[in-house]
Amino acid sequence: MTPPRLSDIIGGRARRGELAVGIYLVPGFPDWNTSLEALDLCVSHEVDFIEFPAVSDPQWSPRTGPMIARALRDAEPYSEAEATAWLLRAPVRVAVVYGSAWPSPATWSAPPPLRAGVSGYLFETDPPDLAPYALAAAEEGAVIIPAVDATAAGLSDGDRHLISRGGGFVYASLGPETGTRAASPADLQRKRAEVQSFRPDLPVCAAFGINRTADVEELRGSGGCDGIIIGSAALAKLDEGMPAFSGWLKEIVTASR
């Protein structure tokens, strides 16, 4: 079965005047039962896609902030049966590739179930040449998601190289690390215009430092993005317990619509 097209899902929300919502969860954090319950809740609230980590070794760059780093470190040990059950619950998935999980286009070092049925791959640190990875992903019906810095003026040659070979959407980071925001709505509007002038077919999703409904409402009103992705705040609320996560998620989704 061909994975769902992220650009179609996000574009559909945009045509209705809504923001698409992606939630980053770590399988097994804070434990397997809770992470399964959180995923089911995301699906019931019509979260548009789930981001999850693809990890082979416990290593990540400084762009991974403290909350996500702790979740990656403290998640319950990997279980193929648990991971497979978890992944099958998420109809649309984006794998965030860390460290040596995908060291070469022909070599996948993370557990195989993490790759099955994925719609897109987002590299935490971009490889030197994205083109062969994009070809490998395309063989599965998936795409490589290009990332840009919303605080930087203009598109660099490297940005254009990534965007030209990527698909699904453009991931616009709002700060220097996950959980931290530095970009203003005007910065994001400018970055979206730059991306759209180069690849008008790709929607833009904002990430990093989106925590509250007020953040979502601000971004929705600014017209600077087509979707949002929340990781650190989602994991922090989940760490507080399911009641806190449930109430927070409902408010976030409502604000996006």
Peer 1: Report yes or no: do Q189 and S222 form a side-chain donor-acceptor pair below 3.5 Å?
Peer 2: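 The answer is no; no qualifying pair exists.
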
Peer 1: Per the side chain to side chain contact (heavy atoms under 4.5 Å, CB included) rule, which among L6, I10, V21 passes with C205?
Peer 2: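 It is I10; the other options fail the test.
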
Peer 1: Could you go through the side chain to side chain contact (heavy atoms under 4.5 Å, CB included) check for R13 and E46 one step at a time?
Peer 2: CA-CA 11 Å; R13 289 288 185 194; E46 298 184 344; 4.0 Å; yes

Peer 1: Identify the heavy atoms of P53 and P27 that sit nearest to each other, and give their distance.
Peer 2: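 Shortest heavy-atom contact: CD-CD, 3.7 Å.
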
Peer 1: Between D226 and R192, does at least one N-O distance fall below 4.0 Å, as a salt bridge requires?
Peer 2: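 Judged by the 4.0 Å cut-off on N to carboxylate O distance, D226 and R192 do form a salt bridge.
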
Peer 1: Could you check whether R115 makes a cation-pi contact with W102, meaning its NZ or CZ is under 6.0 Å from the centre of the six-membered ring and within 45° of the ring axis?
Peer 2: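 So R115 does make the cation-pi contact.
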
Peer 1: Is the distance between the ring centroids of F123 and Y133 under 6.0 Å?
Peer 2: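 Yes - the distance between ring centres of Y133 and F123 falls below the 6.0 Å cut-off.
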
Peer 1: With a 4.0 Å cut-off on N to O distance, would you call E217 and R220 a salt bridge?
Peer 2: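 Salt bridge flag = no for R220 with E217.
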
Peer 1: Assess the side chains of E251 and T213: does a donor N or O sit below 3.5 Å from an acceptor N or O?
Peer 2: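 No donor-acceptor contact under 3.5 Å links the two side chains.
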
Peer 1: When V216 is tested against each of L19, V253, N211 for side chain to side chain contact (heavy atoms under 4.5 Å, CB included), which residue passes?
Peer 2: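 Looking at L19, V253, N211, the match for V216 under the side chain to side chain contact (heavy atoms under 4.5 Å, CB included) is L19.
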
Peer 1: Less than 4.0 angstrom from a charged side-chain N to a carboxylate O is my criterion; do R257 and D48 meet it?
Peer 2: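 Salt bridge present between R257 and D48.
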
Peer 1: Flag the pair D187 and R190 as a salt bridge only when some basic side-chain nitrogen lies within less than 4.0 angstrom of an acidic carboxylate oxygen.
Peer 2: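 So D187 pairs with R190 through a salt bridge.
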
Peer 1: Do I230 and W248 come within less than 4.5 Å of each other through their side chains, counting heavy atoms only?
Peer 2: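 Heavy-atom side-chain distance check passes, below 4.5 Å.
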
Peer 1: Is the F169 to F49 ring centre distance short of 6.0 Å?
Peer 2: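 Yes, they do, as the ring centres are separated by less than 6.0 Å.
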
Peer 1: If you measure from CG on L130 to CD1 on I163, what distance do you get to the nearest 0.5 Å?
Peer 2: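 Spacing of CG (L130) from CD1 (I163) equals 11.0 Å.
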
